[in-house]
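Each remark here refers to the structure printed beneath this line.
Order of the sequence lines sets the chain letters (A, B, ...), proteins ahead of strands, with each chain counted from 1.
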Number of protein chains: 2
Amino acid sequence: MTRIDDVARLAGVSTATVSRALRGLPTVSAATRHRVLAAAEHLEYAVSPSASRLAGGRTGTVAVVVPRITRWFFSTVVEAVEESLHQSGYDLLLHNLGGRRQMRQRVLQTAGLHKRVDAIMLVATPLRVSDLTALGRLDLPGVTISSGTVVPGWPCVRIDDVAAARTATRHLLDLGHRRIAHISGDPDDELAFTTHLDRRRGYQEALRAAGLPLDPSLDVESQFTIDGGTRATEELLRRGDPPTAIFAACDEMAMGAVSALRDAGLRIPQDVSVIGIDDHDLAGVLGLTTIAQPAAEQGLLAARVLLDPLRGLLDAQAGSAAVATTDGGSATRGGSATGADAGPPPVAGGGEPAGRSVILPTRLVVRASTGPPRAD
Amino acid sequence: MTRIDDVARLAGVSTATVSRALRGLPTVSAATRHRVLAAAEHLEYAVSPSASRLAGGRTGTVAVVVPRITRWFFSTVVEAVEESLHQSGYDLLLHNLGGRRQMRQRVLQTAGLHKRVDAIMLVATPLRVSDLTALGRLDLPGVTISSGTVVPGWPCVRIDDVAAARTATRHLLDLGHRRIAHISGDPDDELAFTTHLDRRRGYQEALRAAGLPLDPSLDVESQFTIDGGTRATEELLRRGDPPTAIFAACDEMAMGAVSALRDAGLRIPQDVSVIGIDDHDLAGVLGLTTIAQPAAEQGLLAARVLLDPLRGLLDAQAGSAAVATTDGGSATRGGSATGADAGPPPVAGGGEPAGRSVILPTRLVVRASTGPPRAD
DNA sequence: CTGAAAGCGCTTACAG
DNA sequence: CTGAAAGCGCTTACAG
């Protein structure tokens, strides 16, 4: 393995100068820089991250924590974040909680992050007080994605979940539905992020605004998965007097609902309409009406919000290219409400720097799974 | 930040002893170990990975390279691998090629891996000769997943793609189909892994065995995605005289095909049968007949094959627990053919240690998307 | 079983 | 703009 002093010797300079030249620091003459780069290339030199990190006091690594990488939203976010991080020269340390009860603590409270990363991104990660304490002790910059994950002092990139749910429910109301069920996240689930609470609130607000009573028998809790949606729907049908429409808290639940309804011999949307939230890759194939949320954009923006303050801390070696400008102009900064819904602005969480927090818009996508209720 | 000498001072021993005790080395007396552990806990000490890696000459990190983390197979593999690695105390450095033309080179041939990891896992990563040269220079242990990715000297965990395709095609033949189309991977795609070549071979072998001619107009190339399946099917229909059945090289393509057929007003399976390979999470919801392949198991086995030789090199600190035994006994080692198909054994690639290579079985899962052709 | 000391390969004030 | 030297926080022979 060639080391920095091999390069220094060949270029006829000190290792300090090699270090500076390779990182693109401005205090190196053009001639020297050229010689150093040529020597490094000739020797196929690559810096040792371990040594560089120890000496420099930075890890060049960002931890990304997701509940389940296999779910559409999280894999889409991670793909966008990975590209952003690598473009900026950062490594991505992936933590997948994977539904294991003890994993969240292991990641957040033990050596999972300690001295390992320069910054943290939590995606829809459920947090207890003890987790917040542990994160505080780490004293690292961070960002969260999803309204369900709030860390004091960290910006949050998200959609307006209450508004999205209100829009979904209103779509069903506008079609003439009155018996509208909601299937949502299970609060007993160790990995339940609180997003489902916001979405239920939107559902309830829309019903109330329409002058409809809240029927607890139409509100079923289950997990944010295909199976969860199937089980919730089966439970709903078991209760008798089925709803004419189901609003599922995410597309995967909605797909599970579609499956259960079909198995029960019910037609969609003639017998039961179904709407979700996400605009999953396969929503189109299934003809699922949904509230689209921009997953990749949330990842991209979160990465930028996280990296911007770190910029310049890391060497320019991996490419000093700025993150591509993909903002799209659709982001609303500062916490004002946006999106398909024109309801009241979301309440800002306590203490986070709203200036860097972002709420991205959602939009109703009507497909074949929703229609008016039967006339009878 | 507390350092190792803080712990040493409190425990009244040298830093060398702290280092040994914390890593669970056997050459420490029980009493000393206890004092050290107590001191470390009291000070909330966590080892500095950078320092440890520099001094120890190991990174404790494994690179995992996937084409697209958003695709079912890859996210499922990564989830299994992530759990395995973290259980063994390794960090997972994720590289997502993401369809970008230059990414593969950037990851494999530049500082993406150099001095950064102890081992490499390539999942369905297309490799050119120059990539192989670069990997050889890295001189690291590695493992690949998928028949499309073969690195000399590295074991490979995979299914028998030829057999899987043969079984899929034979299922359609057994139902009475004679005009069977195949939609498969695009060889022009920079990220095309050669898996689609194996699957096409199985398709052709099954047709030939049934005494049917190969009709090039029934063989359409496209990408391994939902959109790819849709486009390929549209192309197929455009050619006129549509097939009575479509064998798609993966479930995502099959789902795209389902979408295109529906849009064309064709019924499934009455007008056209559809079969894929994977048993994607949503295959059940869509009623898709498929050849199931064990994605998580392939990830788990690949992680084990990779970590086994490394065992003991890393400290026991992160938990000396062995990887859970989830082999299931279904794995066949040594290259003999298994699975739903009883055809000839797959040809072993040149030079890889077949002893550690594994071929996992696949199985036909019949759902609603396949049936006999119409009588007319 | 334990310790003193060298060394891992860089980066960073500091001085010039 | 450049270099000499200290130091980042560990691990590892080596010696006992």
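In this structure, Leu140(B) and Val117(B) have side chains that are in contact, with non-hydrogen atoms separated by less than 4.5 Å. For the pair Glu82(A)/Leu85(A), no side-chain contact is recorded, criterion being any heavy-atom separation below 4.5 Å from C-beta on.
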Worked verdict on Ser130(A) versus Thr133(A) for side chain to side chain donor-acceptor pair (under 3.5 Å): CA-CA 5 Å; Ser130(A) 57; Thr133(A) 310; over 6 Å; no
Can you check salt bridge (Lys or Arg N to Asp or Glu O under 4.0 Å) on Arg9(B) and Asp6(B), steps first, answer last? CA-CA 5 Å; Arg9(B) 209 171 304 117; Asp6(B) 297 321; 3.5 Å; yes
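Looking at the side chain of Ala16(B), the nearest of the listed nucleotides dA5(C), dG9(C), dT2(D) is dA5(C). Checking dT12(D), dT11(C), dC8(C) against the side-chain heavy atoms of Thr15(A) singles out dT11(C) as nearest. Here the nucleotide nearest the side chain of Leu54(B), chosen from dG9(C), dT12(C), dC10(D), is dG9(C). Residue Ser29(A) places its side chain closer to dC1(D) than to any other of dC1(D), dT11(C), dT12(C). Among the nucleotides dG3(C), dC10(D), dG9(C), the one closest to the side chain of Val47(B) is dC10(D). Listed nucleotides: dG9(C), dT12(D), dT2(C). Nearest to the side chain of Arg3(A): dG9(C).
Where Met1(A) and Leu25(A) meet DNA chain C, the nucleotide closest to each residue was compared, and Met1(A) sits on the side nearer the 5' end. Comparing Arg33(B) and Ala55(A) against DNA chain C, the residue whose closest nucleotide sits nearer the 5' end is Arg33(B).
In this structure, His34(B) atom NE2 and dC1(C) atom C1' are separated by 17 Å, rounded to whole Å. Atom CZ of Arg9(A) is separated from atom C1' of dT2(D) by 18 Å (rounded to the nearest Å). The CZ atom of Arg116(A) sits 14 Å away from the C1' atom of dG9(D) (whole-angstrom rounding). Computed from coordinates, the Ile4(A) CD1 to dA4(D) C1' distance equals 14 Å when rounded to whole Å. The CG atom of Asp5(A) sits 14 Å away from the C1' atom of dA4(D) (whole-angstrom rounding). With rounding to whole Å, Arg58(B) atom CZ is found 12 Å from dC10(D) atom C1'.
A donor and an acceptor atom never sit less than 3.5 Å apart when one is taken from the side chain of Arg53(A) and the other from the base of dG9(C).
Judged purely by atom type and a 3.5 angstrom limit, Thr149(A) uses its side chain to pair as donor or acceptor with the backbone of Thr125(A). In terms of modelled atom types and a separation under 3.5 Å, the side chain of Arg116(A) and the main chain of Leu93(A) share no donor-acceptor contact. In this structure, the side chain of Ser52(B) does not engage the main chain of Ser50(B) through any donor-acceptor pair within 3.5 Å.
The shortest heavy-atom contact between His86(B) and Leu94(A) is CE1-O, 3.1 Å.
Applying the 4.0 Å criterion to OP1 and OP2 of dT2(D), one finds that Thr27(A) has every side-chain N and O outside that range. Put simply, Arg20(A) has no side-chain N or O that comes within less than 4.0 Å of OP1 or OP2 on dC1(D). Checking the phosphate oxygens (OP1, OP2) of dG3(C), a side-chain nitrogen or oxygen of Ser14(B) falls inside 4.0 Å. Here Ser50(B) does not reach the OP1 or OP2 of dC10(D): none of its side-chain N or O atoms lies under 4.0 Å away. Listed pair Ser48(B) / dC10(D) fails the phosphate criterion, with no side-chain N or O lying under 4.0 Å from OP1 or OP2. Regarding contacts with the backbone of dG3(D), a side-chain N or O of Thr17(A) is found under 4.0 angstrom from either OP1 or OP2. In this model, the phosphate group of dC10(D) is approached by a side-chain N or O of Lys115(A) to a distance below 4.0 Å at OP1 or OP2.
Residue contacts shown for Pro26(B) are limited to sugar-phosphate atoms, with no base heavy atom under 4.0 Å away. Using a 4.0 Å heavy-atom distance criterion, Gly57(A) is classed as making no nucleic acid contact.
Look at Asp118(A) and Arg53(A) and you find no salt bridge, because none of the NZ, NE, NH1 or NH2 atoms lies under 4.0 Å from a carboxylate O.
Taking the C1' atoms as reference points, dT12(C) lies 16 Å from dG16(C), given to the whole Å.
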Let me have DNA chain C in dot-bracket notation, would you? Count Watson-Crick plus G-U wobble pairs, both distances under 3.5 Å, and use [ ] for pairs crossing earlier ones and | for inter-strand partners. |||.||||||||.|||
